[in-house]
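Residue numbers start from 1 in every chain, and the chains themselves are labelled A, B, ... in the order their sequence lines are given, proteins ahead of strands. Worth saying up front: this structure is predicted, and the values here are computed from it rather than measured.
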There are 2 protein chains.
Amino acid sequence: MIAQQAAQVVTRSANVLRVLIADDHDLLRDTLQIFLEGEGTFETVCVASYSEAEALVKAGEQFDLVLLDYSMPGMNALEGFHKMRALEGSHRVAIISGTANRDVAEQVLEAGAAGFLPKTLSAKSLVNAVRFMAMGEQYAPLDFMRQEEATPSHPMAERLSPRELEVLEGLTQGKSNKEIARDLDIREPTVKLHVKTLYRKIGASNRTQAALLAKEAGLF
Amino acid sequence: MIAQQAAQVVTRSANVLRVLIADDHDLLRDTLQIFLEGEGTFETVCVASYSEAEALVKAGEQFDLVLLDYSMPGMNALEGFHKMRALEGSHRVAIISGTANRDVAEQVLEAGAAGFLPKTLSAKSLVNAVRFMAMGEQYAPLDFMRQEEATPSHPMAERLSPRELEVLEGLTQGKSNKEIARDLDIREPTVKLHVKTLYRKIGASNRTQAALLAKEAGLF
DNA sequence: TCCTTCCCTACCCGGACGGATAGGGGCCAC
DNA sequence: GTGGCCCCTATCCGTCCGGGTAGGGAAGGA
């Protein structure tokens, strides 16, 4: 264990950064690998699923950075991220995603991720970000983080009061009015009122439509 | 017009294939551009949204192949594809996607697309596919097309009878039992029976949960 | 042939839902 | 203070939903 840590330190001092790339998109893996290894300071290992990545780390492989795709086989959104983080405290883990929104990004960053990389980044920015993170820094693209902060999540959401949003979240989980009332610690008639008013606001005529509209809008 | 067509023919005879790449992922654009132009036989034009792509084509630019991302700004799933196809009969259009399933692929291929490219392809396969399509062939990765054909869309779907699937589709549109009955031309009690039985089969306890489960499973 | 499966229809009932209406309390701006 | 907005509670009513039970007809395999 000490020997391995020492080896890692040597690796770092020699400026050869080991990066594990786990993504089911061959294209992304190929590109990152080519660009990073072209830099001369990176050594990359590529896998196509979360389970392969986990196996490598469990086998004792040392990486300066682990890149996990948000929507890859076995990843289950952020479940894989937390499992990987729990494996070894020393591993720096970052999330890369083509679809996830700002909320997900904030979640992983607050959870101590090395960074969040949307796939809308250019190859150059991506390589820079990977180097930045492998050096121990925390990275997130500022424009991406600001982008959805300006539009407070969604035009639909801003017409709803905070309470109505909480009720709508219950609807998107298939809960009954009674369950929502219990969870929010209010009476059922109140829930029914919020449900009714939010129907008008978002243009739904029943709870299923409301749940689907909220999901389509990317809420919750 | 005739001059433009002639120019295009000359371009083709010189084996320089013009490709328009529309994708909001900078990384994918960079990579495809580098790989394709590295071949020496491609000329690539890159944009990040459907509207930009449409503007270029409307301006009279000629391409041997137009690559459209399934989930880019302004694309609206397949709406952009059909709009682009309607623009000029001569333009070969292909869809590239990181998330779309086999149903979408079959839709676009039946609609006469030049091809369907999942982003799980390797860089090499992708370049080969682009060349293949630019030459006038129709391309789709066989393993991808077979993959979800073996699992008939979803484990959830195969437990449901055809009629139950139709009813479930109605649920995912927020319809009432009465509306579903009218649409399928059956009586409402029959709909209620199908609804009840499909609840048991997919593990839902109300119509909203059923609709959400179906959506999450990628059905409809 | 029987048996199973699927699809259709029908009845019952209790509970949930959708809509309207009528309040009260807290907070803030004018 | 007054008015407005949001949140809370409540009652009434008609409809819809979820669950149970019962049965007939068509199609296909044992």
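Among the atoms of the strands shown, only primed sugar atoms or phosphate atoms (P, OP1, OP2) are found under 4.0 Å from some heavy atom of S176(B). Residue K192(A) is classed as a base contact, given a heavy-atom separation below 4.0 Å to a base.
Here F81(A) contributes atom CZ and F116(A) contributes atom CZ; the two are 11.0 Å apart, rounded to the nearest 0.5 Å. In this structure, D24(B) CG and E52(B) CD are separated by 10.5 Å, a value rounded to the nearest 0.5 Å.
A22(A) and A53(A) get closest at one heavy-atom pair: CB-CB, 3.9 Å.
Look at E61(B) and R18(B) and you find a salt bridge, because one of the NZ, NE, NH1 or NH2 atoms lies within 4.0 Å of a carboxylate O, short of that distance. Taking the charged nitrogens against the carboxylate oxygens, E188(A) and K192(A) have no contact shorter than 4.0 Å, which rules out a salt bridge.
Between K175(A) and R200(A), it is K175(A) whose nearest contact on DNA chain C lies nearer the 5' terminus. Comparing K201(A) and R187(A) along DNA chain D, the residue whose closest nucleotide (by nearest heavy atom) sits nearer the 5' end is K201(A). The nearest heavy atom of DNA chain C to K196(A) and to D185(B) marks one nucleotide each, and the one closer to the 5' end goes with D185(B).
Within a 6.0 Å sphere centred on NZ of K124(A), other residues, nucleotides and ligands contribute 12 heavy atoms or fewer.
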As a quick check of understanding, evaluate side-chain hydrogen bond (donor to acceptor under 3.5 Å, both in side chains) for N206(A) and R207(B), giving each step before the final call. CA-CA 11 Å; N206(A) 60 52; R207(B) 59 184 49 228; over 6 Å; no
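The footprint of chain B on DNA chain C, defined by a heavy-atom cutoff below 4.0 Å, extends from dC6(C) to dA10(C). Along DNA chain D, the stretch of nucleotides lying under 4.0 Å from any heavy atom of chain B spans, 5' to 3', dC16(D) to dT21(D).
Of the possible polar contacts, one joining the T31(B) side chain to the L27(B) backbone as a donor-acceptor pair under 3.5 Å is found.
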